[in-house]
Amino acid sequence: MMFSKLSLLRLILCSLLSLHSSQLFTSTSFAFAAITAENQEREAAALLEWRVSLDNQSQASLSSWSSGVSPCTWKGIVCDDSNSVTAINVANLGLKGTLHSLKFSSFPKLLTLDISNNSFNGIIPQQISNLSRVSQLKMDANLFSGSIPISMMKLASLSLLDLTGNKLSGTIPSIRNLTNLEHLKLANNSLSGPIPPYIGELVNLKVLDFESNRISGSIPSNIGNLTKLGIFFLAHNMISGSVPTSIGNLINLESLDLSRNTISGVIPSTLGNLTKLNFLLVFNNKLHGTLPPALNNFTKLQSLQLSTNRFTGPLPQQICIGGSLRKFAANGNSFTGSVPKSLKNCSSLTRVNLSGNRLSGNISDAFGVHPKLDFVDLSNNNFYGHISPNWAKCPSLTSLKISNNNLSGGIPPELGWAPMLQELVLFSNHLTGKIPKELGNLTSLFDLSIGDNELFGNIPTEIGALSRLENLELAANNLGGPIPKQVGSLHKLLHLNLSNNKFTESIPSFNQLQSLQDLDLGRNLLNGKIPAELATLQRLETLNLSHNNLSGTIPDFKNSLANVDISNNQLEGSIPSIPAFLNASFDALKNNKGLCGNASGLVPCHTLPHGKMKRNVIIQALLPALGALFLLLLMIGISLCIYYRRATKAKKEEAKEEQTKDYFSIWSYDGKLVYESIIEATEGFDDKYLIGEGGSASVYKASLSTGQIVAVKKLHAVPDEETLNIRAFTSEVQALAEIKHRNIVKLIGYCLHPCFSFLVYEFLEGGSLDKLLNDDTHATLFDWERRVKVVKGVANALYHMHHGCFPPIVHRDISSKNVLIDLDYEARVSDFGTAKILKPDSQNLSSFAGTYGYAAPELAYTMEANEKCDVFSFGVLCLEIMMGKHPGDLISSFFSSPGMSSASNLLLKDVLDQRLPQPVNPVDKEVILIAKITFACLSESPRFRPSMEQVYNEFVMPTSSSVNLFSMVTLSQLVDN
């Protein structure tokens with residue numbers, strides 16, 4: 001075929017164009033491939049540089065990250081079609097390091113960064129803002145500290161930001177630019193300041209979680225703009241103010257948790273609009289008033305937690321109308337009326353706690369059969385009726401508590417067939433009948449508390465089958481017969497209380513109870529000897545055998561006993577030589593056949609034949625009279641000295657000569673005259689022996705010729721104040737003559753003399769508590785275990801003074817300067833110069849006594865001395881021990897406006913002595929308990945303060961704390977709980 005010239009020309013031209021296009025495409029492809037390779041190299045280099053900065057274990061976990069291999073094949077790396085990195089996911093690999101060496105600018109296409117659940121630390125770099133396209137940023141469960149970088153708020157593409165579970169602090173920066181955000185999670189950090197005021201502009205939010213921080217202020221009213229919100233968590237912060245009515249606009253809300261704050265006011269009626277609500281948690285706040293009726297209409301509610309507020313009125317009767325309610329807690333309020341009717345047929349229930357209210361009504365038929373029910377507490381109300389046998393038909397039931405009500409009838413034998421029951425607590429009711437032997441079937445039971453009822457008969461022997469039992473409390477009933485030997489086989493038993501019954505015969509062998517800590521068999525009809533096996537129980541701390549008919553001698557106890565009461569028996573012979581007996585009050589040993597030993601009210605045993613031991617009985621009987629005679633002689637001597645001084649004022653020179661020849665002296669307990677020994681040891685009270693000085697006395701350290709080191713408190717000789725000083729002297733002598741206790745300073749001797757009047761005490765190397773706290777070196781050694789020990793020691797001393805002495809003794813000057821410490825950090829209360837013995841049928845009015853800053857507030861307008869003054873001072877002292885310094889204005893600022901003071905929102909961990917590390921398990925629980933007791937003792941009204949007996953009992957058998965996370969406990973929570 002022949003081509004025309006024109007066709008040939010076209011063919012040549014097309015060929016040339018085709019050749020050029022091919023060359024151009026090839027050139028462009030080469031350029032694009034070069035750019036892609038360069039990006040890959042830059043991303044790979046950035047990742048490798050970051051890997052090298054991590055610790056060795058982390059580098060091993062990322063072993064697939066190596067040069068020469070495309071990063072798109074590495075572990076945790078995802079790329080797009082252009083081989084650019086779009087996701088870095090190294091979650092849950094145990095990595096440890098920082099983000100400082102990660103070049104964020106090297107990843108222009110990164111959409112997801114997930115480094116959660118590792119151990120990354122340090123601050124979050126500001127350069128993170130270079131991840132301009134990132135939509136999911138998950139950095140939770142790490143150790144990041146410092147503040148949230150402001151630059152992070154430029155990441156406008158973010159839909160998920162999760163910084164939960166780090167150590168971030170500071171305020172939440174402005175987040176109004178994050179308009180695409182759907183999930184904002186900042187929980188479990190230390191963030192402070194208010195909720196960002198522009199929170200209402202993030203209208204796409206579905207999850208808002210600020211739980212467990214230090215966020216304060218009120219909930220912004222514009223929260224109602226977040227109509228897509230499904231989860232709203234603000235628990236465990238310092239939120240105050242009221243719940244805004246706009247919360248009713250959150251029509252898609254499924255979970256609302258405002259618990260553990262200081263929110264006040266009422267729950268708004270608009271809450272009824274939240275028809276999708278599954279979880280409503282508002283416990284541990286200051287909410288009051290009645291509940292909105294709309295709560296009866298929530299058909300999807302699974303958990304309703306209202307406890308520890310100030311609610312009144314009835315509970316919502318149709319709370320389980322939807323049949324999905326699992327957890328219902330309303331304890332610690334002032335609700336009235338009956339148990340909600342809908343609970344009877346609520347088969348979904350797992351937990352119910354209505355304790356500590358004013359609920360009433362017949363409880364016999366208020367509950368039905370609940371297949372999933374695990375826990376029930378209806379204690380401390382006004383319920384009446386019988387215990388329903390239906391409780392045994394709840395196959396999952398582990399705890400049944402209905403104590404402190406008005407229940408009658410017997411304990412249903414059917415309860416013995418509740419297969420999972422672990423706690424049966426029915427004390428303080430009006431239950432009658434016998435203890436069902438069927439209870440022996442409850443092999444999972446660890447707490448059986450049915451004391452303070454009207455039960456009678458014997459303890460069934462089947463109780464010995466309860467091999468897991470730790471607490472058996474049957475006190476204050478009409479039980480009788482012998483204590484079955486099977487009780488002695490409960491080898492896990494910690495607390496056994498059978499007191500105030502009519503048990504007869506002898507005490508069985510308890511040698512298998514090697515875990516036993518408290519044994520109370522007091523006020524029964526027991527006879528025979530104290531079993532020698534009791535002395536082998538190495539963990540036994542409290543023993544009460546009083547008011548029985550026990551005879552013979554006391555076994556040689558050498559265990560950890562701390563408190564003992566064997567009074568009102570027929571015991572004789574020597575008491576054991578351990579502190580529990582030697583430091584026991586006379587009331588704990590009195591009214592026996594013939595005890596002797598070096599303890600209060602007993603005469604020394606010496607080596608008298610047994611036949612002469614009866615003399616001890618006569619001496620014990622004469623002790624009260626001898627005490628009165630001693631005080632009479634003392635006062636006569638005081639009067640003579642006052643007369644002597646006044647009569648010799650006109651002849652001072654002559655008087656000085658006479659004073660060296662004629663003086664009135666008091667003899668010490670051991671019968672040795674102390675005056676000459678003290679004058680010799682202190683070289684006439686030379687200043688070089690001075691170790692402390694106060695307003696009314698000086699304290700000297702003296703080494704006696706016997707080798708004993710003592711502390712000598714010499715009263716100042718102040719003209720025209722002789723009567724005042726002598727009154728303080730006699731008050732201290734009188735108080736200490738009445739007391740012998742391991743936590744009260746021991747008085748060795750005393751002397752009243754025209755030249756020098758002084759008291760001689762045991763010397764404690766640790767010095768006074770105030771000096772210990774003021775010395776940084778010693779304070780750091782004074783760790784939390786030792787501080788807890790000192791608090792308990794002072795509590796023991798005050799408990800003994802208020803409740804173990806008759807008449808009671810009020811110290812009136814409990815302060816850190818009057819608490820001494822020995823080398824084992826055992827506390828001794830000292831300085832009884834202002835102590836007052838409370839006489840019955842007396843108003844006990846006196847002038848102000850005490851130290852300012854520790855004195856109870858009522859002393860500003862009344863001079864009535866009573867035990868509650870000591871309780872307040874004890875509270876101040878406890879706070880001082882925890883803070884490491886006197887609390888100063890913290891007390892007044894905290895209680896001046898409850899709920900409104902900034903002090904009330906302080907975290908407990910921030911109030912504690914910063915010279916020590918934060919308390920850790922298990923001492924943290926004891927520190928929290930002390931803090932709760934402290935603020936109870938600091939109540940402005942004396943009648944709301946606990947007695948020292950209640951404080952003592954809290955330490956012996958502490959109640960479970962509603963506050964679990966130590967680092968998040970606020971002072972207001974401690975008061976409210």
Classify the side-chain pair [X]/[Y] by whether it contains a donor and acceptor separated by less than 3.5 Å.
X	Y	result
Asn188	Thr164	no
Asn177	Lys154	no
Ser58	Asp55	yes
Asn117	Asn92	yes
Gln127	Ser105	no
Gln136	Thr112	no

State, yes or no, whether a side-chain contact exists between [X] and [Y] at a heavy-atom distance under 4.5 Å.
X	Y	answer
Asn142	Asn121	no
Leu912	Arg787	no
Leu208	Leu202	no
Leu62	Leu47	no
Leu226	Phe232	no
Val243	Val282	no
Phe104	Gln126	no
Met153	Leu178	yes

Discussion item. Is there a side-chain contact (heavy atoms from CB on, under 4.5 Å) between Ile267 and Leu295? Walk through the geometry before answering.
Written reply: CA-CA 11 Å; Ile267 293 181; Leu295 287 180; 5.6 Å; no

Over all atoms of both residues, closest heavy-atom pair of [X] and [Y]:
X	Y	result
Gly241	Ser218	CA-CB, 4.5 Å
Leu93	Asn118	N-OD1, 3.2 Å
Ser303	Leu281	OG-CD1, 4.3 Å
Leu781	Arg786	O-NH1, 2.7 Å
Ser101	Ser53	OG-OG, 2.8 Å
Ala235	Asn237	O-ND2, 3.1 Å

Is [X] reaching over with its side chain to a backbone N or O of [Y], donor-acceptor style, under 3.5 angstrom?
X	Y	result
Gln59	Val52	yes
Asn166	Met139	yes
Asn180	Ala156	yes
Ser159	Ser135	yes
Glu423	Leu421	no
His100	Pro125	no
Trp784	Pro917	yes
Asn213	Glu211	yes
Asn285	Ile263	yes
Asn189	Ala187	yes

Worksheet item: Quick one: does NZ or CZ of Arg351 land under 6.0 Å from the six-membered ring centre of Phe375, within 45 degrees of the ring axis?
Response: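 The answer is yes, since Arg351 meets both limits relative to Phe375.
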
Worksheet entry | Lys206 atom NZ: more than 12 heavy-atom contacts under 6.0 Å |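 Incorrect, the count does not exceed 12.
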
Practice prompt. Assess whether side chain to side chain donor-acceptor pair (under 3.5 Å) is satisfied between Asp374 and Ser396, documenting all intermediate values.
Written response: CA-CA 5 Å; Asp374 169 66; Ser396 302; over 6 Å; no

Fill in: Sequence neighbours excluded, every pair satisfying ring pair (Phe, Tyr, Trp, His ring centres under 6.0 Å) that has a member inside residues 42-88
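Qualifying pairs, neighbours excluded: Trp50-Phe120, Trp65-Trp74.
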
Item to complete: Give every residue pair that meets the salt bridge (Lys or Arg N to Asp or Glu O under 4.0 Å) criterion with at least one member in residues 79-107, sequence neighbours excluded.
Response: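 Listed once each, the pairs are Glu49-Lys103, Asp80-Lys109.
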
Fill in: Derivation and outcome, side-chain contact (heavy atoms from CB on, under 4.5 Å), residues Phe210 and Ile239
CA-CA 11 Å; Phe210 290 168; Ile239 305 297; over 6 Å; no

Quick one: [atom1] on [X] to [atom2] on [Y], what's the gap to the nearest 0.5 Å?
X	Y	atom1	atom2	result
Glu43	Leu110	CD	CG	8.5 Å
Cys346	Ile319	SG	CD1	9.5 Å
Ile199	Ile223	CD1	CD1	5.5 Å
Ile247	Leu229	CD1	CG	9.0 Å
Leu168	Ser192	CG	OG	11.5 Å
Glu254	Thr275	CD	OG1	10.5 Å

Practice prompt. Could you please spell out the steps behind the side-chain contact (heavy atoms from CB on, under 4.5 Å) verdict for Cys79 and Ile77?
Written response: CA-CA 7 Å; Cys79 299; Ile77 304 300; 4.3 Å; yes

Worksheet entry | Steps toward side-chain contact (heavy atoms from CB on, under 4.5 Å) verdict (Asp140, Lys185) | CA-CA 9 Å; Asp140 53 295; Lys185 300 180 178 181; over 6 Å; no

